[in-house]
Amino acid sequence: SDFYGFAHDLTAAEQASLAEIREFMETRVRPEIDEHWHADAFPMHLIPGIAALGVIGPAWAESARFESSAVYRGWIALEMSRVDASVSTFAAVQNGLVCGSIGVAGSPEQRAEWLPRLADCSVIGAFGLTEPRSGSDASKGLATTARRDGDEWVLDGEKRWIGNATHADVVVVWARDDADGEVKGFIVPTSSEGYSVSKIERKISLRMVQNGHIVLDGVRVPESMRLQGASSFRDTARVLRLTRAEVAWSAVGVMVGAYEAAVRYTTERTQFGKPIAAHQLVQDLLAKSLGHITASIALCVQVSRMLDEGRQGDAHSALAKAYTTARMREVVAWCREVCGGNGIVTDFDVARFFVDAEALYTYEGTAQMNSLIVGKAITGASAFA
Ligand code: FAD
């Protein structure tokens with residue numbers, strides 16, 4: 001599916017690592033997906049194996065197995081999503097959102113304390129930004145409060161949609177300091193008094209991901225658990241810039257997974273005396289899908305190179321996220337279409353990619369939010385103001 005061979009530019013160590021990830025995803029994860037997806041359950045027993053792949057925290061010196069490029073780290077997201085977007089979302093929360101928050105905004109002591117334990121998954125993390133009444137308006141609308149009381153902070157509020165929250169040991173909670181009105185980040189142990197979480201049920205997308213609704217009722221954390229490098233929402237945005245680019249790579253993985261399943265199906269299914277893959281209009285849909293995949297890989301490779309070169313801005317990763325997730329929606333729909341009726345049962349994989357794509361399209365900033373970030377870069381005018 002890497003039609004132009006972009007992966008050939010990776011180092012031998014990076015290619016070997018990706019081969020190991022592919023092997024794990026194919027042999028250990030793929031056989032588990034259908035059962036867990038329908039049971040609305042995450043295959044917890046796979047977590048040690050996921051950690052052993054080195055896919056959590058590879059961007060940070062404290063948790064990396066070896067020095068790597070952002071392009072390689074993007075391919076990790078693609079390889080995992082190519083088999084299952086729920087498992088890749090689990091890793092994206094633990095790696096991008098949680099390690100990312102601590103890597104970007106933690107003190108050296110906080111990085112040394114938390115990143116290695118997150119990398120080996122002896123500590124599971126979650127990232128709490130969204131609230132029942134603020135999603136897209138995560139900055140100005142954020143209502144969770146943080147009140148300083150001596151050497152402690154007291155947190156009050158609610159967080160919604162929080163991935164991994166039902167089984168996390170710690171949650172990075174973003175809350176508004178009631179003294180200066182700025183958004184700050186806190187590492188909150190889920191065993192804290194006043195902390196409770198309930199699972200969001202009846203999802204139709206990413207059913208294996210355990211999303212939680214968190215209530216913080218006078219939760220106390222010491223000052224040492226406040227992210228020392230986060231003094232306003234601009235620091236939250238520094239984390240989101242990194243993770244949005246990774247979601248763009250995940251969207252390519254979902255396209256590739258759906259496309260490969262569709263190619264397989266169309267070569268096996270016969271109508272009018274020949275495999276449907278030999279019908280011209282079916283080939284057109286497959287060719288258009290490959291075109292979207294190829295253009296999206298090119299865009300992702302470049303946005304990751306820009307990160308390595310220190311040139312990646314918010315608008316670059318926002319455009320990558322908005323563009324690839326929109327292409328993903330077209331590709332999964334075409335792939336579902338060429339599977340006919342079998343495209344709406346999960347036995348043939350494509351149906352799962354079709355519904356899972358909807359969550360990727362929405363989380364980490366909707367298409368509209370990311371377009372508005374790009375729109376500001378184009379015009380100089382902020383539509384949020
Ligand atoms: P809303 O903000 O209410 O938006 C609804 C619609 O209105 C969207 O189409 C939006 O684009 C549009 N809209 C809103 N404002 C404007 C505007 N100014 N102009 C044009 N259109 C506008 N959050 C976390 O903090 N941590 C997580 O781990 C996490 N995981 C998630 C996992 C899943 C499966 C899902 C579905 C969500 C997750 N989220 C998480 C939350 C996610 O980031 C939000 O759902 C997303 O940001 C959208 O917010 P919302 O759902 O409140 O929609």
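All ligand and atom numbering here is 1-based and tracks the order in the structure.
Side-chain atoms of Gln271 and His279 include no donor-acceptor pair closer than 3.5 Å. Side chains of Ser317 and Gln312: a donor-acceptor N/O pair is absent below 3.5 angstrom, by distance only. Looking only at atom types and distance, the side chain of Arg73 has a donor-acceptor partner in the side chain of Ser68 under 3.5 Å away. Judged by distance alone, the side chains of Glu260 and Ser1 do bring a donor and an acceptor atom under 3.5 Å apart. Side-chain N/O atoms of Ser296 and Thr324 include no donor and acceptor closer than 3.5 Å. Defined by atom type and a distance below 3.5 Å, a donor-acceptor pair is missing between the side-chain atoms of Gln368 and Ser136. Thr346 and Asp34 share a donor-acceptor pair across their side chains, judged by distance under 3.5 Å alone. Side chains of His292 and Glu330: a donor-acceptor N/O pair is present below 3.5 angstrom, by distance only.
Among all non-hydrogen protein atoms, the one lying nearest atom 13 (N) of ligand 1 is Met369 CE, 3.9 Å. Closest to atom 23 (N) of ligand 1 among all protein heavy atoms lies Thr130 OG1, 2.7 Å. When hydrogens are left out, the protein atom nearest atom 5 (C) of ligand 1 is Ser136 OG, 5.0 Å; that is the closest non-hydrogen contact. For atom 12 (C) of ligand 1, the closest non-hydrogen atom on the protein side is Gln368 OE1, 4.5 Å. Of the protein's non-hydrogen atoms, Phe127 O, 2.8 Å is the one closest to atom 26 (N) of ligand 1. Looking only at heavy atoms of the protein, atom 10 (C) of ligand 1 is closest to Thr366 OG1, 3.6 Å. Nearest protein heavy-atom contact of atom 28 (O) of ligand 1 is Gly163 N, 3.0 Å. Among protein heavy atoms, the minimum distance from atom 49 (O) of ligand 1 is reached at Gly135 CA, 3.3 Å.
Listed by atom number, the atoms of ligand 1 under 4.0 Å from Ala359 heavy atoms are 34 (C). Each of the following atoms of ligand 1 lies closer than 4.0 Å to a heavy atom of Leu129: 25 (O). Atoms of ligand 1 found under 4.0 Å from any heavy atom of Glu364 (numbered from 1 in listed order, with element): 43 (O). Residue Ile162 approaches ligand 1 through these ligand atoms, each under 4.0 Å from one of its heavy atoms: 24 (C), 25 (O), 26 (N), 27 (C), 28 (O). Atoms of ligand 1 found under 4.0 Å from any heavy atom of Thr362 (numbered from 1 in listed order, with element): 45 (O), 46 (C).
In this structure, the side chain of Asp2 engages the main chain of Ala7 through a donor-acceptor pair within 3.5 Å. Of the possible donor and acceptor atoms, none in the side chain of Arg176 sits under 3.5 Å from a partner among the backbone N and O of Ala143.
Among the atoms of Trp161, some N or O lies under 3.5 angstrom from an N or O of ligand 1.
For atom 3 (O) of ligand 1, no protein non-hydrogen atom is found at a distance below 4.0 Å. At a distance under 4.0 Å, a protein heavy atom can be found next to atom 43 (O) of ligand 1. Within the 4.0 angstrom cut-off, atom 51 (O) of ligand 1 has no protein heavy-atom neighbours.
Electrostatic pairing of Arg234 and Glu182 does not count as a salt bridge here, judged by no charged N lying under 4.0 Å from a carboxylate O.
Ligand 1 has Asn211 within reach: a non-hydrogen atom of the residue lies less than 4.0 Å from it.
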